[in-house]
Enquirer: 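One structure coming up, written as structure tokens, with questions to follow.
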Amino acid sequence: MPVENCIIIGSGPAGWSAAIYAARANIQPLLFEGAITEENRMQGTLPLGQLAQTTEVENYAGYPAGDLKRFLETAISKDRIQMMPPIDEHPHAVTGPELMELMRQQASNFGTRIITDDVVSVDLSKKPFVVTTRENGTYETHSLIVATGAKANYLGLPSEQAYKNRGVSACAVCDGALPRFRNKPIVVVGGGDSAVEEATYLSKYASKVYLVHRRGELRASKIMQQRALDNKKIEPVWFSQVEEVIGTEKTGLTTVRVRNVQDQSIRDIEATGMFLAIGHTPNTNFLKGQLELTDKGYIVWKESFRTYTSVEGVFSAGDVSDDNYRQAITSSGTGCMAALDAERYLSHHGII
Ligand code: NAP
């Protein structure tokens with residue numbers, strides 16, 4: 001098999017943006033978008049990244065709310081549209097899944113080759129680099145862009161594990177409309193943008209949403225927290241940590257037990273669901289020992305405002321190297337930077 005110029009691992013905003021730039025620069029990138037497996041679903045690492053698990057995206061520049069229906073139907077291929085949630089008739093802001101399909105299509109339009117498979121390991125100790133996939137064997141590449149993003153965290157309680165998929169979820173958009181949550185009280189844990197966004201979203205289905213947060217103020221942006229706090233269906237439960245998830249074999253989760261961290265009192269909240277929105281862990285397990293990572297597992301950029309990693313010829317973009325901004329638009333921006341850095345690297349070494 002010929003050595004690739006550039007392999008991109010990851011299919012969120014960073015991966016597709018890198019692919020669009022690399023393809024337009026004639027590098028002929030090969031992108032691994034991840035496999036559609038139950039394991040990836042459980043871990044929150046399905047193709048198209050975290051944005052594919054969110055609702056409307058109001059803050060991605062260039063996508064104001066409007067009548068996107070006709071545009072989407074003509075921009076995205078029919079076979080992909082079938083796999084997407086139905087496109088609303090009413091004018092709306094672009095949704096995460098729509099935005100990701102548009103990026104994927106845009107990268108494909110410029111000739112990006114896409115393989116639906118997981119990368120399980122890389123060997124960056126020699127050149128060309130070696131990329132090993134779960135189903136499709138190994139590939140060699142002169143340059144590599146890692147854009148594998150991050151996945152949702154869980155609290156780590158054994159009882160939480162026991163009720164995963166039977167009431168416990170880390171993806172409101174994936175699971176919120178399930179019958180078990182309709183017109184029933186549910187709990188959302190966390191105080192960031194994800195928590196208030198999910199609480200607001202879930203309030204469409206649930207009879208009541210308890211927003212359990214360990215402090216007395218939210219971390220979320222003012223506009224989003226106001227929206228949640230003004231919502232009559234949402235009740236904040238301040239200074240509280242989940243102690244245990246209680247349920248029955250037959251019905252799944254029935255109660256979320258929380259402890260008030262100020263007075264240590266216990267409260268049992270009756271609920272059919274608990275949605276976690278307590279931050280993320282970068283998807284870098286397959287890189288262990290190959291690239292310099294931070295204590296939290298994020299890929300280190302070795303130079304300010306460059307996507308250079310600890311190995312020359314390997315670049316990283318998006319949430320996998322960003323524990324601070326973590327926005328779709330910043331991921332896209334760094335994806336573009338990584339492609340430009342890869343192009344310059346390949347050109348400097350006479351490869352293209
Ligand atoms: P985040 O901002 O890191 O917030 C995590 C929340 O979970 C915090 O409130 C934190 O509490 C709480 N938490 C963490 N560990 C916990 C634990 N073990 N037990 C209980 N609570 C715990 O994460 P995020 O909300 O997922 O947001 C990540 C990034 O994505 C942010 O930059 C955010 O702005 C962005 N985002 C943007 C949008 C949007 O603009 N539409 C939507 C979603 C996310 P403390 O506050 O006490 O630390």
Side-chain angles (χ1 to χ4, degrees), residues 12-14 44-45 49-65 92-100 149-161 168-174 176 187-202 209-229 234 236-245 256-262 267 269 274-283 294 296-298 318-334:
T45 52
Q50 295 176 77
L51 214 61
Q53 301 172 7
T54 188
T55 52
E56 289 186 31
V57 180
E58 297 175 334
N59 53 8
Y60 197 92
Y63 286 91
H92 65 287
V94 72
T95 66
E98 288 164 358
L99 190 53
M100 297 321 301
K151 58 175 172 279
N153 288 342
Y154 284 82
L155 292 164
L157 303 167
S159 55
E160 168 194 59
Q161 279 297 322
V168 174
S169 167
C171 181
V173 179
C174 321
V187 165
V188 172
V189 186
D193 279 327
S194 299
V196 296
E197 187 177 69
E198 301 212 344
T200 305
Y201 174 77
L202 289 165
V209 179
Y210 295 94
L211 182 58
V212 172
H213 183 38
R214 61 186 178 184
R215 292 188 296 129
E217 61 174 340
L218 298 167
R219 177 185 293 280
S221 56
K222 291 282 174 267
I223 185 167
M224 288 173 70
Q225 56 171 284
Q226 206 50 53
R227 203 173 289 166
L229 295 174
I234 300 177
V237 182
W238 301 115
F239 296 107
S240 296
Q241 284 268 31
V242 175
E243 183 97 341
E244 207 186 339
V245 179
V256 178
R257 179 166 291 167
V258 300
R259 176 183 293 277
N260 184 302
V261 294
Q262 290 186 310
R267 174 176 172 188
I269 301 174
M274 178 176 86
F275 288 82
L276 283 316
I278 56 166
H280 297 86
T281 301
N283 298 315
T294 67
K296 290 181 179 168
Y298 290 86
D319 287 10
V320 77
S321 35
D322 173 15
D323 68 351
N324 184 24
Y325 300 107
R326 295 186 293 192
Q327 303 298 302
I329 201 154
T330 52
S331 289
S332 277
T334 55

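Just follow the structure's listing: the first ligand is 1, and inside any ligand the first atom is 1.
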Enquirer: Below 4.0 Å, non-hydrogen atoms only: which portion of V57 touches ligand 1? Side chain, backbone, both or neither.
Expert: neither

Enquirer: Less than 4.5 Å apart, any side-chain heavy atom of V189 and any of M274?
Expert: yes

Enquirer: Could you list the atoms of ligand 1 found under 4.0 angstrom from a heavy atom of H280?
Expert: 26 (O)

Enquirer: Among protein heavy atoms, which lies nearest atom 23 (O) of ligand 1, and at what distance?
Expert: G279 CA, 3.9 Å

Enquirer: Are any of the side-chain heavy atoms of L218 and H213 separated by less than 4.5 Å?
Expert: yes

Enquirer: State the atoms of ligand 1, each with its element, that fall below the 4.0 Å cut-off from a heavy-atom position in E197.
Expert: 41 (N), 42 (C)

Enquirer: Hey, is N59 touching ligand 1 through its side chain, its backbone, both or neither, going by heavy atoms under 4.0 Å?
Expert: side chain

Enquirer: Check E58 against ligand 1 and report side chain, backbone, both or neither, counting heavy atoms closer than 4.0 Å.
Expert: neither

Enquirer: How close does the nearest protein non-hydrogen atom get to atom 8 (C) of ligand 1, and which residue and atom is it?
Expert: R219 NE, 3.6 Å

Enquirer: Any side-chain heavy atom of L276 sitting closer than 4.5 Å to one from E160?
Expert: yes

Enquirer: Kindly identify the option in D193, D319, L218, I223 whose heavy atom sits closest to atom 37 (C) of ligand 1.
Expert: D193

Enquirer: Within the 4.5 Å heavy-atom criterion, are E58 and P64 side-chain neighbours or not?
Expert: no

Enquirer: Quick one: do L155 and V245 satisfy side chain to side chain contact (heavy atoms under 4.5 Å, CB included)? Show the steps, please.
Expert: CA-CA 11 Å; L155 292 164; V245 179; over 6 Å; no

Enquirer: Check each of Q50, R326, K151 against D319 using the side chain to side chain donor-acceptor pair (under 3.5 Å) test, and report the only one that passes.
Expert: Q50

Enquirer: With a cut-off of 4.0 Å, which atoms of ligand 1 are near a heavy atom of R215?
Expert: 45 (P), 46 (O), 47 (O)

Enquirer: Verify the neighbour count for atom CD1 of I223: are there more than 12 heavy atoms of other residues, nucleotides or ligands below 6.0 Å?
Expert: no

Enquirer: Would a 4.5 Å heavy-atom cut-off, applied to side chains only, mark Y63 and V57 as touching?
Expert: no

Enquirer: For atom 21 (N) of ligand 1, which candidate among T330, L276, I278, L157 provides the closest heavy atom?
Expert: I278

Enquirer: So which heavy atom in the protein is nearest atom 35 (C) of ligand 1, and how far is it from that ligand atom?
Expert: Q327 NE2, 3.1 Å

Enquirer: Tell me: protein heavy atom nearest atom 10 (C) of ligand 1, and distance?
Expert: R214 NH2, 3.8 Å

Enquirer: If you measure from atom 27 (O) of ligand 1 to every heavy atom of G192, S194, G216, which option wins on shortest distance?
Expert: S194

Enquirer: Do me a favour and list the nearest non-hydrogen protein atom to atom 9 (O) of ligand 1 with residue, atom name and distance?
Expert: G191 N, 3.0 Å

Enquirer: Any idea which atoms of ligand 1 are less than 4.0 Å away from a heavy-atom of A277?
Expert: 6 (C), 7 (O)

Enquirer: Any non-hydrogen side-chain atom of L51 less than 4.5 Å from a side-chain atom of Y60?
Expert: no

Enquirer: List ligand 1 atoms under 4.0 Å from Y325, heavy atoms only on the residue side.
Expert: 32 (O)

Enquirer: Decide yes or no for D322 and T334: does some side-chain heavy atom of the first lie under 4.5 Å from some side-chain heavy atom of the second?
Expert: no

Enquirer: Checking a contact table here: which protein heavy atom is nearest atom 19 (N) of ligand 1, and how many Å away?
Expert: Q241 OE1, 3.4 Å

Enquirer: In the protein, what heavy atom is nearest to atom 30 (O) of ligand 1, and what distance, to one decimal place, separates them?
Expert: R326 O, 3.5 Å

Enquirer: Quick check: do V258 and V187 have side-chain heavy atoms less than 4.5 Å from each other?
Expert: no

